[in-house]
Amino acid sequence: MILKHTTPEGDLLHLKNDNELVSMTLKNPEIFGQIMNRYYLKLSRYIYRLSGLLPDEIEDVLQNVFIKAYRHLNDFDSNLSFSSWIYRITHNEAIDYLRSSKRKSIIIQADQDDDFIHSIPDSSMDFLKELDDDLMKIHVSSILQSINERYRTVLLLKYIEEKNYSEISDILEIPMGTVATLIHRAKEEFKKMLSVSKLDLKNK
Amino acid sequence: MKNKNQNSIENKGENSILHSGFESKILNKIAKNKIEPIPKWKLVFKDLINWFKYLILVIIASLILSIFIYCVFDTNTDLLERAGVYIDGVRYFLCCMFWLAVFISMSLLARYCFAKTNYSYRVLFKATHATIAVLILLALIFYYYNVNEFLEKIVVNNIPYYSQHFKTKMTVWSQPDRGLLSGKITYISEDNICINPKNVYDVPHLSNKISIEISDFHNKKWNIKTDDTLLYFTGCISVGDEIRIFGKTHDSNTFDVKEIWRW
């Protein structure tokens, strides 16, 4: 069941695009509920995959995200996608939350994120097709968690959130060339660590 | 099988009714705390402040680079040695390195301020290259027009350690007892002195005696007496121009000049 907010004019808000909702929110704050409704789940998952925070903590981060987004609505440039803009705020808030609580991202249990492996469409990652057994999936997840934070972030955004280079550039506020370099290096690092894990598994 | 955390998150999200509670909580908080979107003009102003800081830092960094260029290329050691002033190599090197370090710090600060402006990340590499080019160009312009001295005067007058330990152009050329004098021309018995040498090796003499008065950097007045004086400049010098003079003191406010250089 999906909540269907309506404007006084009777328009169905869920049919409006993000930019229209932002303009409407500036006139009527209640409309912001539709934006939250649209992004709540996506952003919760992203925070979880990025940081491994607990649900209550994720909700705390999301509160900060939406309050900050609301306060900075006038800063949103319609030339930028709203999704990228709110992902940027979310990313920064999640990182700040981890830093302020002096924690590193928490290890996510191996079986939780096996969708990551299947969401990597790149042909250079064909070796992942060999990942049939659960044991290997456990290793892949642990690799993901042990990989450098910047690499994990770009892999998440590219292959889980399915963002393109331009969107990743806007979210992380880094040049597109740097995004391409980071993704390339992240894949190399991932492949290297996966090969080592496979060897370890065979030896066992 | 997904663990409790993941299930909890997805259960919370899959039914919008459930997170409508979250929405209400946020909307209530917004209403209760009277949170309002920050006005556009404030956000634009904040961005402009960052641009302003960036531009100011670029200008300051250029000024400092012009001092460094002067420090490296404009030593006049041969002339100073003739006057018995020997530059301490290590100290001089440290002086130049001090300016280089300040220049690097200012440049990094300028880059930081630029990175704080909206959408700078989209053009960061191009902007960095452009900034370096502008820095060098501005520094050369400042060096050409001696603007760097303005900053150096401030440093000399305000940081005693600097003037005591580093030989600056100003301190070196303010030693009349060693035959080195400099200052601004306040009077010249002719309209101006113009030089147009035929080639670079041609150093013109000032055969006729001309009366010149200058005010040195400590505002002391000096009468300059010319006699077969060598003129190491091109173009004209007139009242208001700053010059360096190599010669010897005649009395407490008279100076016999052997060579005149443009400041």
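Every chain is numbered from 1, with letters handed out A, B, ... down the list of sequences.
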Asks: Take atom NE2 of A:H184 as the centre, draw a 6.0 Å sphere, and report whether it contains more than 12 heavy atoms from other residues, nucleotides or ligands.
Replies: no
Asks: So how far is it from A:Y40 OH to B:I26 CD1, rounded to the nearest 0.5 Å?
Replies: 9.5 Å
Asks: Do you know which of A:L172, A:L73, A:L80, A:T25 has the most heavy-atom pairs under 4.5 Å to chain B?
Replies: A:L80
Asks: Is chain A contacted by the side chain of B:K46, its backbone, both, or neither, given a heavy-atom distance below 4.5 Å?
Replies: neither
Asks: Do B:K42 and A:N74 make a side-chain contact, defined as non-hydrogen atoms from C-beta onward lying under 4.5 Å apart?
Replies: no
Asks: When you compare the side chain of A:T178 with that of B:F125, does any pair of heavy atoms fall below 4.5 Å?
Replies: yes
Asks: Starting at CG of B:D47, measure out to CG of A:D75 and round the result to the nearest 0.5 Å.
Replies: 8.0 Å
Asks: Could you tell me if the side chain of B:K25 sits less than 4.5 Å from the side chain of A:Q63, heavy atoms only?
Replies: yes
Asks: Given a strict heavy-atom distance threshold of 4.5 Å, which part of B:I38 is in contact with chain A: side chain, backbone, both, or neither?
Replies: both
Asks: Is chain B contacted by the side chain of A:L62, its backbone, both, or neither, given a heavy-atom distance below 4.5 Å?
Replies: both
Asks: Provide the closest heavy-atom pair for B:L27 versus A:P29 in the form atom of the first, atom of the second, distance.
Replies: CD2-O, 3.5 Å
Asks: Crowded around B:E36 CD? As in, over 12 foreign heavy atoms under 6.0 Å?
Replies: no
Asks: Report the C-alpha separation of A:N79 and B:Y119 in whole Å, then their side-chain angles, then the decisive distance to 0.1 Å, and conclude whether the side-chain contact (heavy atoms from CB on, under 4.5 Å) test is met.
Replies: CA-CA 11 Å; A:N79 294 322; B:Y119 308 114; over 6 Å; no
Asks: Tell me, for B:N118 versus chain A, whether the close heavy atoms (under 4.5 Å) come from the side chain, the backbone, both or neither.
Replies: side chain
Asks: Is the closest side-chain heavy-atom distance between B:I30 and A:I67 below 4.5 Å?
Replies: yes
Asks: How long is the span from the CZ atom in A:F66 to the CD1 atom in B:I35, to the nearest 0.5 Å?
Replies: 14.0 Å
Asks: Could you verify whether a donor N or O on one side chain and an acceptor N or O on the other, from A:D170 and B:Y121, lie under 3.5 Å apart?
Replies: yes
Asks: When rounded to the nearest 0.5 angstrom, what distance separates CE in A:M36 from OG in B:S24?
Replies: 8.0 Å
